[in-house]
**Student:** 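What follows is a structure written as structure tokens; I'll ask about it next.
When reading the values below, keep in mind they use all heavy atoms of this one structure, side chains included, and skip hydrogens, waters and symmetry mates. The sequence lines fix the lettering, A, B, ..., with proteins before strands; numbering per chain opens at 1.
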There are 2 protein chains.
Amino acid sequence: MLRVSRLTDYATVVMTCIAAHPSDVLSTAQIADEARLELPTVSKLLKLLGHAGLVESFRGVNGGYRLARPAEAISLADIVEAMEGPIGMTECSVAQGQCDRQAQCGVSDSWRSVSGAIGGVLRAMTLAQMLAGRPTAPAKDATQVAQANA
Amino acid sequence: MLRVSRLTDYATVVMTCIAAHPSDVLSTAQIADEARLELPTVSKLLKLLGHAGLVESFRGVNGGYRLARPAEAISLADIVEAMEGPIGMTECSVAQGQCDRQAQCGVSDSWRSVSGAIGGVLRAMTLAQMLAGRPTAPAKDATQVAQANA
DNA sequence: TCAATACCGGACCAAAATGGTACTGTTTTC
DNA sequence: GAAAACAGTACCATTTTGGTCCGGTATTGA
Ligand code: FES
Ligand code: FES
């Protein structure tokens, strides 16, 4: 299906939740509640995201997480890479010299090319843009519905 | 890693092999030999590709496979969809109504948007283009090496 | 006619990735 | 020093993936 893992999907949800409360330190429990996800799962996600430098963590009472950078400076590519490692469409094209067919195989160049293009697509989508489609208020007007069906 | 399955990668290799011999019916064994892949694997791939209408099959002695359309009319998106089903980045965005969080979740629109963009990238790469980087002759001159390292 | 070739449609299995959970530290606040 | 909250890691169940095999059928040509 050429899909991203479900955890990565959840990671974007979590990130938009955090981005919705800028300059606020949210605990894992708060985030899990708002994102409608299980707490242990959210905990794991935040650990990964923190390790990638996308969120800052604060320990102790009243600790929690906060965006490490403004939402405009975080792209979907950042999140995907944090969760799944470097973006590459084929096993062969990331691990150079892994595949013994590489000498004869001419498609690897093409795959590398499309991987680059897809990386560009992911880099073009920022967290701020994703947040724009998800209003904090439960309002959902016609413009957004039209955009969804486009 | 946001990757396509290895079988899909192999499918592109197989397709370029077939495309390298236009208007020739190649047996599974010939294709497997040329693609340096195991015969049962190639057999499975060709079954999938045939089912998707990308290759024509001929039974009996001297049977085999041939492209169903000219290489210019077959895109990478066709091959990926033949192997992995419809292109969609997240589970949620393909199976509408599957995820009970969908009402609250605002990121699905964004994901659908990037899925569309990535579909475009895949549709833009044709089998003919992929073949161009893989000469039939075993010659490998400097220009190709340079291109490979680009 | 009949045997050889070669695709068709499955079933089948082992190994790996995934999703999810739990538990034990460590740091900070009050 | 007790409670809150993150850090790290280990663990397991399930699913997906990659790969193989076999009996069936159609076509060719001697
Ligand atoms: S490089 Fe491994 S199959 Fe192409
Ligand atoms: S629709 Fe399922 S998590 Fe967004």
Side-chain angles (χ1 to χ4, degrees), chain A residues 1-14 18 24-33 35-66 68 80 83-85 90-92 94-95 98-99 101, chain B residues 1-14 18 24-33 35-66 68 80 83-85 90-92 94-95 98-99 101:
Chain A
M1 199 209 293
L2 180 52
R3 65 178 186 79
V4 87
S5 109
R6 196 194 308 184
L7 270 296
T8 304
D9 187 8
Y10 289 166
T12 61
V13 176
V14 164
I18 301 175
D24 239 2
V25 174
L26 301 175
S27 74
T28 306
Q30 286 176 287
I31 297 169
D33 181 58
R36 316 283 171 102
L37 294 171
E38 298 303 320
L39 194 141
T41 301
V42 174
S43 170
K44 177 186 257 187
L45 290 173
L46 288 168
K47 264 176 274 188
L48 268 300
L49 293 168
H51 195 267
L54 299 184
V55 296
E56 277 181 320
S57 67
F58 300 92
R59 301 175 78 143
V61 170
N62 287 102
Y65 292 92
R66 192 176 55 182
V80 170
M83 300 300 297
E84 319 206 345
T90 63
E91 287 182 272
C92 299
V94 289
Q98 189 77 358
C99 176
R101 277 174 282 277
Chain B
M1 199 212 291
L2 180 53
R3 65 178 185 78
V4 88
S5 109
R6 196 194 309 183
L7 270 296
T8 303
D9 186 8
Y10 289 167
T12 61
V13 176
V14 164
I18 300 176
D24 239 2
V25 174
L26 301 176
S27 74
T28 306
Q30 286 176 287
I31 298 168
D33 181 58
R36 315 285 174 101
L37 295 171
E38 298 304 319
L39 193 141
T41 301
V42 174
S43 170
K44 175 185 258 187
L45 291 173
L46 288 168
K47 266 178 272 187
L48 268 300
L49 294 169
H51 193 268
L54 299 183
V55 296
E56 277 182 318
S57 67
F58 301 92
R59 301 176 78 144
V61 170
N62 287 102
Y65 291 92
R66 192 176 57 182
V80 170
M83 300 299 298
E84 319 205 347
T90 64
E91 286 182 272
C92 300
V94 289
Q98 190 77 357
C99 176
R101 276 174 283 277

**Student:** Provide, to the nearest angstrom, the distance between the CG atom belonging to B/L45 and the P atom belonging to C/dC7.
**Tutor:** 13 Å
**Student:** Rounded to whole Å, please give me the gap between CD in B/E38 and P in D/dT17.
**Tutor:**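 Those two atoms, CD and P, are 21 Å apart.
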**Student:** Could you check whether any side-chain heavy atom of A/L54 comes within less than 4.5 Å of a side-chain heavy atom of A/L48, counting everything from C-beta outward?
**Tutor:** no
**Student:** 5'-most contact on DNA chain C: B/K44 or B/S27, nearest heavy atom basis?
**Tutor:**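 With B/K44 and B/S27 compared, the 5'-side residue is B/S27.
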**Student:** Indicate the atoms forming the closest heavy-atom contact of A/V42 with A/T28, along with that distance.
**Tutor:** CG1-CG2, 3.9 Å
**Student:** Please report, rounded to the nearest Å, how far the P atom of D/dA5 is from the CG atom of A/L26.
**Tutor:** 12 Å
**Student:** Whole Å only: how far is the CG atom of A/L39 from the C1' atom of D/dC6?
**Tutor:**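 The distance from CG of A/L39 to C1' of D/dC6 comes to 11 Å, rounded to the nearest Å.
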**Student:** So what does B/G64 hit on the nucleic acid, given a heavy-atom distance under 4.0 Å: a base, only sugar-phosphate, or nothing?
**Tutor:**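 The residue B/G64 makes sugar-phosphate contact but no base contact.
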**Student:** Please determine whether a side-chain nitrogen or oxygen atom of B/S5 lies at a distance below 4.0 Å from atom OP1 or OP2 of D/dT16.
**Tutor:** no
**Student:** Might you confirm whether atom CD of A/E38 has over 12 heavy atoms from other residues, nucleotides or ligands at distances under 6.0 Å?
**Tutor:**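 No.
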**Student:** Is the backbone of A/S5 close enough, under 3.5 Å, to the side chain of A/E84 for a donor and an acceptor to pair up by distance?
**Tutor:**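 Pair found, side chain donor or acceptor close to backbone of A/S5.
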**Student:** Quick one: is C/dC8 close enough that its OP1 or OP2 comes under 4.0 Å of any side-chain N or O from B/Y65?
**Tutor:** yes
**Student:** Given atom CD of B/E56 and atom P of C/dA6, what is their separation to the nearest angstrom?
**Tutor:**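 So the CD-P distance, B/E56 to C/dA6, works out to 19 Å.
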**Student:** So, does A/T28 get its side chain near the phosphate of D/dC6, meaning an N or O under 4.0 Å from OP1 or OP2?
**Tutor:**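 True: A/T28 side-chain N/O within range (under 4.0 Å) of D/dC6 OP1/OP2.
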**Student:** A/I31 CD1 to D/dC6 P: how many Å, rounded?
**Tutor:**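 It is 8 Å, rounded to the nearest whole Å.
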**Student:** Between B/V61 and A/R59, which has a closest nucleotide on DNA chain C that is more 5'?
**Tutor:** B/V61
**Student:** Counting side-chain heavy atoms from CB outward, which of D/dA26, C/dG19, D/dG18 is closest to B/L7?
**Tutor:**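 Given the options D/dA26, C/dG19, D/dG18, the side chain of B/L7 is closest to D/dG18.
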**Student:** Within the structure, does a side-chain N or O atom of B/S57 lie under 4.0 Å from either OP1 or OP2 of C/dC8?
**Tutor:** yes
**Student:** Nearest whole Å is fine: how far is C/dT27 C1' from A/N62 CG?
**Tutor:** 14 Å
**Student:** Need to verify one output field. Residue with the more 5' nearest nucleotide on DNA chain D, A/H51 or B/K47?
**Tutor:** A/H51
**Student:** Between CE of B/M83 and CG of A/L2, what distance do you get to the nearest 0.5 Å?
**Tutor:**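 Answer rounded to 0.5 Å: 13.0 Å.
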**Student:** What is the distance, to the nearest angstrom, from the CZ atom on B/R3 to the P atom on C/dA17?
**Tutor:**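 Rounded to whole Å, this separation is 8 Å.
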